[in-house]
Amino acid sequence: MSDALLSVKNLITEFDTDEGRVRAVDDISFSVQPGETLGIVGESGCGKSVTALSIMRLLPQPMGQIVGGEIRLDGQDLSKLKLSEMEKIRGNKIGMVFQEPMTALNPVHTIGRQLSEVLYLHKDISKDQALRECVEMLDKVGIPSPDVRMGEYPHQLSGGMRQRVVIAMALACQPSLLIADEPTTALDVTIQAQILELIKDLQNDMGMSVMLITHDLGVIAETSDAVVVMYAGKVAEQGSVYEIFDNPSHPYTRGLLESIPKLETVPKSELSTIEGMVPGLLDLPVGCRFENRCPLRKESCKTAPPPIEVIAGSHQVSCYEWSKTVNE
């Protein structure tokens, strides 16, 4: 982790709610290497977006708090910075593409104004130069007639075009890390493929790292170098994309892979599903959080959470089936 661009270690994020304090992210660790794409995958409610918002220090205040761990970018612990210092990091060293572009863009300001604001915040730049760079950036993300689009409003663009504008805003200052939180949500399949291809091409051009958050393992397989599988706020399994797909070792990872539709010769093949639901944060089990849905559960799973242990190379699993402490 020492030469990692981003290193997250033992991160704990909690929220105060009307029903009590909940722990949305519980003691997770991972790293992103320079030029690497890290995929974070899991069902809704597993803590993926909260992890991204914790890194960006954009948790809703005062309810959301980072209560433990480190978030190091180039060795600097972001969790200890003042918010005024974080403003210099966001958009400059770390760019973020949010889930829904319509909520990420201000409906009453033109595309040109919103895009140029990013440059004004982080660069000593003239108005003319900012406008030129904005047009170049819109052109780079594949928006036709970029000089015309500069004067338009978000509602005048299609969903795919709005997502390209959000990507242009995230990359305007050429950050070293891009966090893409479900960047293809609500887009049709053709546009999804175009957006993912665009991010990959821009990554190669700029040499940046990407943290891609998704629930789609097909996207992970095509785009990522390393994978973190999250479940109920914890890391269930992580490793290289080959380790995870060639040897899925956590029952949850296997369930996710088995639920992907496959081309079968049998016309009426049933789609595999994972029974049950992700537990609520106010009602988390004492032991393994996947225990109530797991086909391999045993008594030890109910009493204490399994440790995350290395099984080979960079491949780590949090499951008693692989625990050296229990099985030795």
Side-chain angles (χ1 to χ4, degrees), residues 1-11 13 25 28-40 48-61 64 66 69-99 101 104-105 114-125 129-130 133-134 136-138 140-141 163-183 195 198-213 223-226 228:
M1 278 195 179
S2 57
D3 58 346
L5 173 67
L6 176 73
S7 174
V8 175
K9 188 176 180 182
N10 306 120
L11 176 65
T13 302
V25 170
I28 70 167
S29 299
F30 61 86
S31 63
V32 183
Q33 303 300 321
E36 177 183 65
T37 298
L38 172 73
I40 299 186
K48 307 184 301 296
S49 294
V50 173
T51 300
L53 294 175
S54 299
I55 293 168
M56 295 292 285
R57 298 281 304 280
L58 287 174
L59 295 167
Q61 297 298 311
I66 296 170
E70 298 178 348
I71 304 166
R72 293 193 175 274
L73 181 74
D74 282 330
Q76 185 179 32
D77 191 353
L78 304 184
S79 65
K80 303 293 189 292
L81 295 183
K82 296 176 182 176
L83 289 180
S84 58
E85 294 173 315
M86 269 307 297
E87 287 172 2
K88 297 174 184 175
I89 303 286
R90 295 190 206 111
N92 190 19
K93 292 186 177 180
I94 308 178
M96 183 160 180
V97 178
F98 293 90
Q99 279 192 36
L105 294 169
Q114 295 183 65
L115 187 50
S116 58
E117 187 180 11
V118 180
L119 298 172
Y120 292 142
L121 280 171
H122 299 293
K123 290 184 175 183
D124 184 12
I125 195 171
Q129 190 179 349
E133 289 195 20
C134 288
E136 286 172 12
M137 199 66 218
L138 290 178
K140 191 176 283 190
V141 297
Q163 193 65 293
R164 288 170 188 267
V165 170
V166 172
I167 292 170
M169 289 174 68
L171 300 181
C173 293
Q174 299 193 336
S176 51
L177 174 67
L178 175 69
I179 299 175
D181 187 0
E182 300 277 10
I195 294 295
L198 171 64
I199 291 173
K200 194 69 180 173
D201 290 344
L202 292 170
Q203 178 184 20
N204 293 334
D205 289 345
M206 298 179 178
M208 64 183 175
S209 300
V210 175
M211 193 174 116
L212 178 64
I213 295 170
T223 60
S224 301
D225 302 301
V228 172

Practice problem: Could you list the residues that satisfy salt bridge (charged side-chain N to carboxylate O under 4.0 Å, His left out) with K123, not counting sequence neighbours? | Solution: E133
Exercise. Specify the closest pair of heavy atoms between D225 and G35, including all atoms of both residues, with the distance to one decimal.
Key: OD2-O, 4.4 Å
Quiz item: Between R57 and L78, what is the shortest heavy-atom contact and its length?
Solution: NH1-O, 2.6 Å
Quiz item: Okay, side chain of Q61, backbone of G64: is any donor-acceptor separation there less than 3.5 Å?
Solution: yes
Practice problem: Quick one: pull up CE in M208 and CD1 in I94 and give me the separation to the nearest 0.5 Å. | Solution: 13.0 Å
Quiz item: For Q163 and V97, which heavy atoms make the closest approach, and how far apart are they?
Solution: OE1-CG1, 3.6 Å
Quiz item: Got a sec: does the CG of D124 have more than 12 other heavy atoms crowding it under 6.0 Å?
Solution: no
Quiz prompt | Exam field: side chain S31 to backbone A4, donor-acceptor pair closer than 3.5 Å | solution = no
Practice problem: Begin from the C-alpha positions of L115 and V165 and carry the test side-chain contact (heavy atoms from CB on, under 4.5 Å) through to its verdict. | Solution: CA-CA 8 Å; L115 187 50; V165 170; 5.8 Å; no
Quiz item: Under the side-chain contact (heavy atoms from CB on, under 4.5 Å) test, which residues partner D201, sequence neighbours left out?
Solution: E197
Self-check item: Sequence neighbours excluded - side-chain hydrogen bond (donor to acceptor under 3.5 Å, both in side chains) pairs with any residue from residues 79-90
Solution: D77-S79, D77-K80
Exercise. Evaluate the criterion side-chain contact (heavy atoms from CB on, under 4.5 Å) for residue pair I89 and Q76; output intermediate values, then yes/no.
Key: CA-CA 11 Å; I89 303 286; Q76 185 179 32; 3.9 Å; yes
Quiz prompt | Set of residues satisfying side-chain hydrogen bond (donor to acceptor under 3.5 Å, both in side chains) with respect to T37, sequence neighbours excluded | solution = Q203
Quiz item: Measuring from K200:NZ to L212:CG, what's the distance to the nearest 0.5 Å?
Solution: 9.5 Å
Self-check item: All salt bridge (charged side-chain N to carboxylate O under 4.0 Å, His left out) counterparts of E70, not counting sequence neighbours
Solution: R72
Quiz prompt | Atom pair CG (L11) and CD1 (I55), whose distance is rounded to the nearest 0.5 Å | solution = 7.5 Å
Quiz item: How long is the gap from OG1 on T51 to CZ on F30, to the nearest 0.5 Å?
Solution: 6.0 Å
Quiz item: For the atom pair CG (L53) and NZ (K48), what is the distance rounded to the nearest 0.5 Å?
Solution: 12.0 Å
Practice problem: Say whether, by atom type as modelled, one donor and one acceptor occur between the side chain of Q114 and the main chain of L105 under 3.5 angstrom. | Solution: no
Exercise. Report yes if the side chains of I71 and L6 come closer than 4.5 Å at any heavy-atom pair, otherwise no.
Key: yes
Practice problem: Name all residues meeting the side-chain hydrogen bond (donor to acceptor under 3.5 Å, both in side chains) criterion together with S54; count only those two or more places apart in sequence or in a different chain, and write none if there are none. | Solution: T13
Practice problem: Heavy atoms only: give me the nearest I125-Y120 pair and the separation to one decimal. | Solution: CG2-CD2, 3.9 Å
Self-check item: Minimum-distance pair of heavy atoms, taken over all atoms of N10 and S29
Solution: N-OG, 2.8 Å
Contacts table for residues 170-182: side-chain donor-acceptor under 3.5 angstrom, sequence neighbours left out:
unit_1 : atom_1 : unit_2 : atom_2 : d
S176   : OG     : K93    : O      : 3.3
D181   : OD1    : S49    : OG     : 3.3
D181   : OD2    : S49    : OG     : 2.8
E182   : OE1    : H215   : ND1    : 3.3
E182   : OE2    : H215   : N      : 3.4
E182   : OE2    : H215   : ND1    : 3.1

Quiz item: Going from CD1 on I28 to NZ on K9, what distance comes out if it is rounded to the nearest 0.5 angstrom?
Solution: 14.0 Å
Self-check item: Pairing residues for D74 by the side-chain contact (heavy atoms from CB on, under 4.5 Å) criterion, not counting sequence neighbours
Solution: L5
